[in-house]
Amino acid sequence: MSTHSNHPFHLVDYSPWPLTASIGAMTTVAGMVKWFHQYDNSLFLLGNVITILTVYQWWRDVSREGTYQGLHTLSVTTGLRWGMILFILSEVLFFVSFFWAFFHSSLSPSIELGAMWPPLGITPFNPFQIPLLNTVILLTSGITVTWAHHSLMEGNHSQTTQGLFFTVLLGIYFTILQAYEYIEAPFTIADSVYGSTFFMATGFHGLHVLIGTTFLIVCLGRHLNNHFSKNHHFGFEAAAWYWHFVDIVWLFLYVSIYWWGG
Amino acid sequence: MASVCGRMALRAAARQNVTYTPVRFCKMMNDPMEHATGIEKRELLAKAAGNDNPFDMKVFKRGAGTKENPNLIPSAFDARIVGCICEEDQTYVQWMWLQKGTPKRCECGHWFKLIEKAAV
């Protein structure tokens, strides 16, 4: 139907994914409540399965519409750009709330914390060990994703593959190092507001790194299947924007929580 | 002697016409126009042919608009919605349906006529 129109807009077909996404989100949240109260994460895992299946099929459909059906005209990609910009803006505000909580508690530490920051009894990480390495890794991945983008704009298939591959590799390396830090941590999320704000902020950042890495892996797979051309590759650009956002959040986390707050 | 040998070696290297760029060894991507399909491709082809407004989305500057010489509105369909800004400083648009084969007069006196235009 929508392929026979004489206007530049994409009138989307009926889709079950908004409904299944809502069911997945609801199941995940209810599953978390069940997990935290009854120590049983089965409903949470079911919610994750529903959400991941939805995400996979929804974005597969969008890729088909853009690549194989040619429905993404210039007006449509402008709309996609605005959507991604506003989504990342909402993510920025999401992280602002965690920084707000952190500074609220750390700038005037209460008497219960020993009137000091880090609170009495908390042994924070040395910011010049793994966290500094992680900063270098993410900054390097910002360079490699730019290398991939410029190669893509030049129509250089091989170097786009290489740039994306190293970006994904650095993302995975970052995640492994963060997992190692979490295992080695001498404090938990239950250790004062320090532990709460630390794990809330770095944990949500880690989740975003996982999502960003997945997004980049999808772009690498699409690139290997020749989905992109040198002037139409918004899926890649959205992944790159998202990755830079995750990178910038880490810089703020590093400077505020690890360095100043440690 | 050394400089002569150096020059000879340089000339030999230049004759071989070696390009020192890794791009030589890279797989390059296809032409974006060939890569595109569907309405995306038709839009790109229209733009390549010099038409920067393939879907007639821009505001159309009204001409004389008399009964004999009406404003011609292109459409690929049997009817199109037209919005007339009757007075220059008017704060609303006068919307109306314009049917094929039936020229129409806006309340302000301007005439409009639908003409066929192939779809993009």
Side-chain angles (χ1 to χ4, degrees), chain A residues 1-13 61-80 147-165 219-220 222-237, chain B residues 19-60 72-83 93 95 97-101 112-120:
Chain A
M1 79 172 228
S2 40
T3 45
H4 298 300
S5 60
N6 194 36
H7 58 72
F9 305 112
H10 180 197
L11 305 181
V12 293
D13 295 315
D61 285 359
V62 175
S63 296
R64 284 172 175 174
E65 288 158 3
T67 306
Y68 299 121
Q69 294 184 280
L71 292 167
H72 290 182
T73 59
L74 289 172
S75 310
V76 174
T77 52
T78 305
L80 293 173
W147 167 28
H149 191 204
H150 280 262
S151 305
L152 193 53
M153 289 187 296
E154 297 275 327
N156 191 326
H157 193 279
S158 315
Q159 290 208 17
T160 307
T161 311
Q162 292 159 21
L164 259 175
F165 173 77
C219 284
L220 180 56
R222 290 188 68 198
H223 175 62
L224 291 173
N225 283 304
N226 300 307
H227 281 207
F228 300 132
S229 79
K230 64 197 278 185
N231 51 21
H232 191 168
H233 45 254
F234 180 66
F236 171 85
E237 284 179 288
Chain B
T19 322
Y20 297 99
T21 159
V23 173
R24 256 175 112 231
F25 307 107
C26 289
K27 180 185 159 195
M28 300 302 282
M29 286 155 67
N30 289 328
D31 177 27
M33 194 76 90
E34 294 296 317
H35 187 274
T37 184
I39 200 159
E40 181 201 354
K41 183 169 192 166
R42 283 179 271 148
E43 183 187 37
L44 288 176
L45 287 170
K47 293 207 169 174
N51 180 3
D52 67 337
N53 186 23
F55 298 106
D56 293 307
M57 300 295 290
K58 290 186 182 170
V59 176
F60 170 73
L72 301 177
I73 306 298
S75 174
F77 302 104
D78 289 338
R80 185 170 181 179
I81 293 176
V82 176
V93 180
W95 297 103
W97 271 104
L98 184 61
Q99 307 286 335
K100 193 159 88 178
F112 298 90
K113 187 186 173 190
L114 205 68
I115 52 160
E116 263 198 52
K117 179 180 180 272
V120 171

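Just so it is clear: chains get the letters A, B, ... in the order the sequence lines come, proteins before strands, and each one is counted from 1.
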Contacting region of [X] [heavy-atom separation from chain B under 4.5 Å]:
X: A:Gln162; value: neither
X: A:His232; value: side chain
X: A:His233; value: neither

Is the side chain of B:Glu43 donor-acceptor paired with the backbone N or O of A:Pro8 at a distance under 3.5 Å, no angle test?
no

With distance as the sole test, does A:Ser158 use its side chain to make a donor-acceptor pair with the main-chain N or O of B:Lys27 at under 3.5 Å?
yes

For B:Lys41, the salt bridge (Lys or Arg N to Asp or Glu O under 4.0 Å) test, sequence neighbours excluded, returns none

Minimum heavy-atom separation for B:Phe60 and B:Leu72, please, with both atom names.
CZ-O, 3.8 Å

Taking every non-hydrogen pair under 4.5 Å, which of B:Glu34, B:Glu40, B:Lys47 racks up the most with chain A?
B:Glu40

